[in-house]
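Note that ligands are numbered from 1 as they come in the structure, with each ligand's atoms numbered from 1 the same way. Positions are given from 1 along the sequence.
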Amino acid sequence: MFEFEQGPIRPPSEAKSLLIRATRNCPWNRCEFCHTYKGEKFHVRSIDEIKADVQKARDIADEIRQLSWRNGCGGEVNDELIRAIFDSYARYGESYRSVASWLYFGGTQAFIQDANSLQMKTEDLVEVLTFLKERFPQISRITSYARSKTLAAKTLKELRALHKAGLSRIHVGLETGYDPLLKYIRKGVTAREHVDAGRKVVKSGISLCGYVMPGLGGKRWTREHAIETARVLNQINPHYIRLRTLYVRSDMALHQKVQTGEMELLDDDEVVQEIGLFISHLNGIQSYLASDHILNLLEEIEGQFPQDKEKLLATIDRYSALSVEDRLIFKVGRRAGLYRRLNDLQNGEIRFRVEQAIERLKKQGSGDIENTIKSMMANYI
Ligand code: SF4
């Protein structure tokens with residue numbers, strides 16, 4: 001059985017991508033809101049190792065095509081074939097199932113793991129990208145995570161070389177553009193470096209997706225976090241801005257600060273207000289703003305700047321204008337995975353189920369309902 005190595009995470013928008021692990025873990029590994037690679041050491045895999053994984057993925061893809069012909073699916077990876085593969089769970093390994101799903105969804109995107117593979121020497125990463133494109137000529141989009149600090153240290157020429165070799169998008173966790181907060185959460189980067197790195201990526205022709213973390217400043221810095229982050233993004237004008245709301249797990253360094261009361265977290269309604277303030281300060285950009293992370297309360301805050309800005313603010317106003325009861329119902333329904341959009345509140349059957357759940361929570365005397373809602377978010381990370 002062929003198996004190749006895959007890392008633990010990818011951005012939500014890369015759900016349909018082939019995952020190729022070029023490095024392991026994170027070279028920084030100190031951000032206080034991040035638990036993903038805690039205790040793990042950063043490691044750059046050798047080019048031979050990475051290429052061997054790409055080759056294994058190619059061999060698996062070839063075998064799946066043959067299986068498709070044998071099963072009368074005409075070489076396609078269709079519903080029937082995918083069912084056959086996933087029904088025989090024990091027979092096919094994880095890599096096999098990953099490649100099958102990838103082909104099922106088109107087989108045209110790849111994501112280079114882990115947290116900061118741009119840390120690799122540029123010529124090495126170019127070699128990996130070139131090999132990946134050679135083995136899978138149908139891939140039209142290759143993306144990776146990268147830190148602003150690392151990108152700021154690359155030259156424009158290097159980034160252009162990576163783009164030419166096939167790197168089409170970089171996902172950067174900006175989190176915030178407010179310097180005191182960047183320091184507080186130990187992001188290891190400044191707002192200036194975010195801007196320098198972001199501008200350089202955009203100039204190189206690589207598409208840039210910048211992640212913002214609503215709630216990160218807590219009650220103390222909510223205003224500064226919103227306004228300064230918008231200011232940084234206005235200078236970068238990235239192709240995409242993505243929201244990913246803060247959730248503090250007990251194994252994160254930030255948890256200690258929350259426990260001692262040093263950091264006061266925002267509740268869901270306050271986070272929505274903060275996002276509204278953030279959006280209202282985004283000006284002069286042509287970015288697409290998405291809220292596609294399951295931790296976000298309002299998934300429908302999504303649209304193209306500048307034309308959709310008022311529509312996005314109207315969604316915030318619509319939520320804020322709901323009665324206290326309706327907001328509670330929406331929050332619990334969303335965290336229970338029953339609601340996605342505000343219009344879902346009109347669904348009487350689901351509403352009844354959510355109302356019953358809230359009654360149960362109250363009877364159980366679970367204390368602060370906002371805390372209960374927060375703990376429901378733990379299911380998603
Ligand atoms: S740079 Fe990214 S992966 Fe590394 S610690 Fe910070 S948030 Fe986590």
Side-chain angles (χ1 to χ4, degrees), residues 5-14 17 19-45 111-120 125 143-154 169-198 200-201 208-218 221 225 229 232-233 236 238 240-258 263 292-296 377-378 380-381:
E5 190 170 325
Q6 292 180 313
I9 60 163
R10 49 144 181 86
S13 56
E14 301 297 336
S17 295
L19 304 179
I20 298 296
R21 195 174 203 185
T23 58
R24 297 188 185 106
N25 313 312
C26 171
W28 175 248
N29 217 1
R30 281 174 238 179
C31 300
E32 298 219 341
F33 57 87
C34 177
H35 67 284
T36 312
Y37 303 105
K38 283 288 166 276
E40 304 293 337
K41 236 180 134 196
F42 180 70
H43 180 75
V44 178
R45 300 182 72 206
F111 177 71
I112 305 292
Q113 294 177 302
D114 276 345
N116 189 24
S117 286
L118 273 283
Q119 182 92 358
M120 287 171 73
L125 190 50
T143 68
S144 180
Y145 277 132
R147 296 185 66 224
S148 285
K149 192 88 176 177
T150 306
L151 293 167
K154 295 265 184 209
R169 181 172 303 162
I170 294 180
H171 300 271
V172 177
L174 300 170
E175 327 307 355
T176 181
Y178 185 49
D179 274 323
L181 181 54
L182 282 166
K183 198 168 169 195
Y184 188 69
I185 54 153
R186 302 183 78 204
K187 187 69 194 171
V189 67
T190 63
R192 183 71 254 158
E193 284 165 329
H194 272 333
V195 173
D196 288 349
K200 216 187 300 177
V201 170
L208 177 65
C209 178
Y211 286 77
V212 171
M213 191 166 272
L216 187 63
W221 281 324
H225 173 39
T229 305
V232 160
L233 287 163
I236 299 173
Y240 296 90
I241 298 169
R242 284 198 147 85
L243 305 178
R244 183 216 183 273
T245 303
L246 172 72
Y247 176 77
V248 183
R249 286 171 43 135
S250 57
D251 56 354
M252 292 172 180
L254 211 51
H255 187 251
Q256 182 66 15
K257 291 179 171 154
V258 174
M263 180 179 184
D292 54 358
H293 199 284
I294 187 73
L295 286 173
N296 299 336
M377 291 167 78
Y380 300 122
I381 55 168

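- Considering only non-hydrogen protein atoms, atom 4 (Fe) of ligand 1 sits nearest to C26 SG, 2.3 Å.
- When the heavy atoms of E32, K187, H35 are ranked by distance to atom 2 (Fe) of ligand 1, first place goes to K187.
- When all heavy atoms are compared, the tightest approach of K200 to L151 is NZ-O, 3.5 Å.
- Within 6.0 Å of NZ in K38 there are more than 12 heavy atoms belonging to other residues, nucleotides or ligands.
- C34 SG, 2.4 Å is the protein heavy atom nearest to atom 8 (Fe) of ligand 1.
- Among the backbone and side-chain atoms of C31, an N, O or S atom lies under 2.8 Å from atom 6 (Fe) of ligand 1.
- Of all non-hydrogen atoms in R21 and R45, the two that sit nearest each other are O-NH1, 2.7 Å.
- Remark: distances from the non-hydrogen atoms of F33 to ligand 1 include one below 4.0 Å.
- The pair D196-R192 counts as a salt bridge, with a side-chain nitrogen and a carboxylate oxygen less than 4.0 angstrom apart.
- Within a 6.0 Å radius of OH in Y240, other residues, nucleotides and ligands contribute 12 heavy atoms or fewer.
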Inset, instruction - Mind running side-chain hydrogen bond (donor to acceptor under 3.5 Å, both in side chains) on T143 and E14 for me, showing each step along the way? - result: CA-CA 8 Å; T143 68; E14 301 297 336; 3.1 Å; yes

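- Residue-ligand proximity, R30 to ligand 1, at heavy-atom distances under 4.0 Å covers atoms 5 (S).
- Listed by number with element, the atoms of ligand 1 under 4.0 Å from a non-hydrogen atom of A115 are 3 (S).
- At least one heavy atom of N29 sits less than 4.0 Å from an atom of ligand 1.
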